[in-house]
Structure formats: C-alpha cells, structure tokens
There are 2 protein chains.
Amino acid sequence: MALSHAIMTALIEDDMSGYELAKAFDASLGLFWHASHQQIYQELRKLADKGWLNRREVAQRGKPDKILYGLTLAGREALGEWVYRESRVQESKDDLLVKLYNLSAENIGHLRVEIGERREAMMQRLYLYERIRRGHYARPEVLPLRRQGVFLALRMGILAGEQYLAWCDEALDLLAREQEKRGPR
Amino acid sequence: MALSHAIMTALIEDDMSGYELAKAFDASLGLFWHASHQQIYQELRKLADKGWLNRREVAQRGKPDKILYGLTLAGREALGEWVYRESRVQESKDDLLVKLYNLSAENIGHLRVEIGERREAMMQRLYLYERIRRGHYARPEVLPLRRQGVFLALRMGILAGEQYLAWCDEALDLLAREQEKRGPR
DNA sequence: CCTCTTTATGCAAAATGTTGCATACAGCGA
DNA sequence: TCGCTGTATGCAACATTTTGCATAAAGAGG
C-alpha cells in the first residue's frame, strides 16, 4: 500500500532511475522498508501512469540507457496528503523467535550459533548507521526540518539496533548457562 | 513460508481449533507473528493434508462444533528439522518512518500526534507483556528449557517495546522544540 | 576471445496476505 | 422478538511480495 509512497519519498530531492532507487533503498529508506527491484520497476510504471511521476529516457556513455523518474506536482501533493492519512505498522516477523519457542537440549547449540550470527549482522548494520550519522547528521539541530525527520528515522534504526544487540547478549548468556548446566556437547 | 511452522509451534503443548489458534496468535506468538483467521484456517487444512496435523471434530454444548487440530509425530519431526534450516527476518515496515522523511512545518503537529498515539499503544502492549512475565516467567531459571526459549522471545518484546517508548520520547522532544522555534500554532 | 561483474530493465508464475462477505447457532438484554 | 455479541468456519477476489528467468551492452581480467 505504501511502497508507492516510500518510492515517492525517495524521489523528493533527486530524480532517479529504477536501478538507482533499488540501490538507494538498500542503503537508506530501505533499511526501514525493503523492496526488490521487480517491485520497484512495477510501482514506478504505475505511479507514472497515475501522473505522480514523470519519466524521461536518458542515454549514457558506456552504460545502457536508463529511465529517470521525478516527482510531479501532483505527486508532491499526493505525498503531502498521505502524511495525514491512517498509517499502519507491519510488525516484523522473525523465524528466530518462533524457533526459540522450540528450544530443546538438542538444538540449543544451533540456536546459539544463529543468534551469534544475528548479533554479527546487526553490528555491521550499526556500523553503517553510525557512519551515516557522523557523515550527515553530526549536528541535527542545524539541519532543515525535513532532514531532522530523516534523522529521527535514523535514530530509530540506531536505538533498535542497540536494543537488538543487548537482547542477543542476554539470550547468549542465558543459553550458555543452560547448556553448561546440562552438560556441554 | 513459516506461518505453517508458527502454527505448529503454537500446537506443541495443546491441541486447538482454528478459532482458538487465532486468539492465541493475538495474545502470544502473534505478538511476533501476525496472522488473520482466514490465513490460519487455510494453513490448518494444508498442514492436515500434509499429515503434519490431525483433525477431529468435537461437538460442544451451547456452541457450534469445532475442529481440533493436533501435531502428529511427522509434524513434530518436521518442526524439529525446521529449526536447523535457514531463517529469515522480515523487517518491519512502518509508514510512520517514511512519513518522517516528509516532515514539514505544516505537518509537524500531525506527526507529533501520531507519535503520541504510537507511544500510548506501546504502553498498553508493554503492560500486557509485563502481566505475562509476572504471571508465567517470574523465575525463568526454574522453567523447563523450552519455556526459557519462550521467555527469551518475551524479553525481546519487552526490550523492543521499551526502546520504542524511548524513541517516541526523544522524537516528541525534538519535534516539540522545533515547533516551538518556528512559532507554535 | 571468453567469462565475470556491473549497469539497466523487464515478464510470468507462485506464494502470501488482506478485505469483504457469508453462514449458523446460542445467549443476553431491551 | 429484535438486535447485539461471541463462537466457529469458510469462500472469493484482490493486492502484495517473492522467485526464477531473460535480455543487453560495456568494461575488466585472464
């Protein structure tokens, strides 16, 4: 429902091609809203048909042509209105938590490994967030208002990541103690 | 992909009907994995066809008949294997964060309200988590191993909720200061 | 020259999830 | 008796997302 609005949001400042959008999604907004390139290409065409985006083909040297999309006035208006409309949270679904409901003496070792991997992955991600924060949001107070909103989203990513790490540590501790108790294998 | 496994997980200790499962999903596992009753009914039939669940009709007094589902041995085995397989995180998608990318002097008031509502909703939820923790997990050390896994999932819910509240407070502060600066309306 | 990677876009099928509706029976309160 | 709520199950249509495949041109490295 709101993939369209996430895409338009990504186009507020710069025009982009589907390919560039897919990469930007991986790096910024996509940290809060994942989308594959197939989804993005499809949605771009729909939005262009609706008149919310304009498209123009751009020839490039040494690379295939690309199609640049940009927000139209109508698109900007639609986006502005959308902010006031009902919003919904799509709760995350995590296999790992369901797996924990199945914890047993047999699989405890495996689950410790999986949690360890999650921890590692989250560390990487926090490192990326931190680079972004230092690079673009070192002094949030002096940023234009819109960028402060982006900063708040980044803060959510950072806080959630730190919380996740704390949980991993707690879980690894508990599981290590339990495995110890029952005799390590 | 793993809705089936979430359902089987919910049936580890007790047999349940689709209706009861839908309610259990709202209260326990569903806090980490949402599913509507339509999805649940469909999945139950598929799982029964696969031989992972058995079904038996139960007549009731004063209520419509129901169909009770229980894990078969094959189901338990499939679940046990699944724990070792690749797992994936489905990142949450939150309109609110995308909206924040569109922060403006015009909509700042609205976004403050929305964040306030999120805060309120999360408080309610934390209250529920806390009741569960006190009721069933006051002393996690003495629980059987499987229940300790469930406890860890609950801890994730609690930590994530507390982090969310902290973020709401931070965001509300920042937005209040900014709105003040630009002249309150 | 051949293969691999990067840039760039797309179709089609399958799986998943949402929305709206339908049915049926019991008990409760007005 | 009428409407409401709760229990209980389901279909059908639609929207969303994932998966697998396909194409094509340029540059890099062996």
Side-chain angles (χ1 to χ4, degrees), chain A residues 1-7 15-27 29-30 32-50 53 55-69 86-95 98, chain B residues 1-8 10 15-27 29-30 32-50 53 55-69 82 85-95 98:
Chain A
M1 191 68 289
L3 170 60
S4 52
H5 295 92
I7 287 177
D15 291 5
M16 283 192 257
S17 67
Y19 190 79
E20 289 159 348
L21 258 171
K23 299 198 122 188
F25 254 64
D26 274 359
L29 242 183
F32 313 112
W33 198 290
H34 177 76
S36 64
H37 81 265
Q38 289 87 343
Q39 261 183 292
I40 289 173
Y41 284 121
Q42 268 185 60
E43 201 64 41
L44 282 172
R45 258 171 299 148
K46 278 191 218 162
L47 288 171
D49 289 348
K50 268 197 197 170
L53 299 183
R55 48 187 286 161
R56 64 206 147 90
E57 281 187 46
V58 176
Q60 301 184 103
R61 274 165 304 160
K63 295 178 188 176
D65 297 354
K66 64 181 176 181
I67 302 169
L68 266 192
Y69 290 88
E86 194 77 45
S87 69
R88 41 169 57 187
V89 205
Q90 150 96 269
E91 297 289 340
S92 64
K93 294 181 177 179
D94 190 341
D95 277 357
V98 179
Chain B
M1 187 72 287
L3 170 60
S4 51
H5 295 92
I7 286 177
M8 289 196 285
D15 291 5
M16 282 192 257
S17 67
Y19 191 79
E20 289 160 348
L21 260 171
K23 298 198 121 187
F25 254 63
D26 274 0
L29 242 183
F32 312 113
W33 198 291
H34 176 76
S36 63
H37 82 263
Q38 289 87 343
Q39 261 184 292
I40 290 174
Y41 283 121
Q42 267 187 60
E43 201 63 41
L44 282 172
R45 258 171 299 149
K46 277 191 217 161
L47 289 171
D49 288 348
K50 267 198 197 170
L53 299 183
R55 48 186 287 163
R56 64 204 148 90
E57 281 187 46
V58 176
Q60 301 184 102
R61 273 166 304 160
K63 294 177 189 177
D65 296 355
K66 64 180 176 181
I67 302 169
L68 267 191
Y69 290 88
W82 169 74
R85 288 215 299 280
E86 194 77 46
S87 69
R88 41 170 58 187
V89 206
Q90 150 97 269
E91 297 288 340
S92 63
K93 293 181 177 178
D94 192 340
D95 277 356
V98 178

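The structure displayed is predicted, hence computed values, not measured ones. The sequence lines fix the lettering, A, B, ..., with proteins before strands; numbering per chain opens at 1.
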Handout entry: Spacing between B/His37 atom NE2 and C/dC21 atom P, to the nearest angstrom
Key = 14 Å

Handout entry: Whole-Å gap separating C1' (C/dA24) and CD1 (B/Ile67)
Key = 14 Å

Problem - Residue-phosphate contact under 4.0 Å: A/Tyr19 side-chain N/O, C/dT7 OP1/OP2 - result: yes

Problem - Residues forming a side-chain contact (heavy atoms from CB on, under 4.5 Å) with A/Ala22, sequence neighbours excluded - result: A/His37, A/Ile40

Handout entry: Short N-O contact, A/Arg56 and A/Asp15, less than 4.0 angstrom
Key = yes

Problem - Sub-4.5 Å side-chain heavy-atom contact between A/Arg55 and A/Arg45 - result: yes

Practice task
Take the protein atom CD of B/Gln42 and the nucleotide atom C1' of C/dT18, then report the distance between them rounded to whole Å.
Solution key: 11 Å

Practice task
Taking the side chain as every heavy atom from C-beta outward, state whether B/Ile67 and B/Val58 have any pair of such atoms under 4.5 Å apart.
Solution key: no

Problem - Salt bridge present between A/Lys66 and A/Glu57 (N-O < 4.0 angstrom) - result: no

Practice task
Please state whether the phosphate of D/dG6, meaning OP1 or OP2, lies under 4.0 angstrom from any side-chain nitrogen or oxygen of B/Lys23.
Solution key: no

Handout entry: Rounded distance in Å - CD (A/Glu20) to P (C/dT6)
Key = 17 Å

Practice task
Figure out the CD/C1' separation between B/Gln39 and C/dA15, and round it to whole Å.
Solution key: 11 Å

Handout entry: Side-chain touch A/Val98/A/Lys93, heavy atoms, less than 4.5 angstrom
Key = no

Problem - Under-4.0 Å side-chain N/O to phosphate OP1/OP2 contact, A/Tyr41 with C/dG10 - result: no

Exercise for the section: Tell me which of A/Lys66 and A/Arg45 sits closer to the 5' end of DNA chain C, going by the nucleotide each one is nearest to. Expected result: A/Lys66

Problem - Angle by which the axis turns from one end of the helix from C/dC1-D/dG30 to C/dA30-D/dT1 to the other, five pairs per end, to 10 degrees - result: 20°

Completion exercise
Atom NZ of A/Lys46 and atom C1' of C/dG10 are separated, to the nearest Å, by 15 Å

Problem - Sugar-phosphate, base or nothing in reach of B/Gln38, heavy atoms under 4.0 Å - result: base

Problem - Closest to side chain of B/Ser36, choosing from C/dT19, D/dT9, D/dC11 - result: C/dT19

Fill in the blank from the handout: Between CD of A/Glu43 and P of C/dG10 the distance, given in whole Å, is 14 Å

Exercise for the section: Could you tell me whether the side chain of A/Gln42 and the main chain of A/Gln39 form a donor-acceptor pair under 3.5 Å? Expected result: no

Handout entry: Phosphate OP1/OP2 of D/dT9: any B/Ser17 side-chain N/O under 4.0 Å
Key = yes

Handout entry: Rounded distance (Å) that lies between atom P of C/dT7 and atom CG of A/Leu21
Key = 15 Å

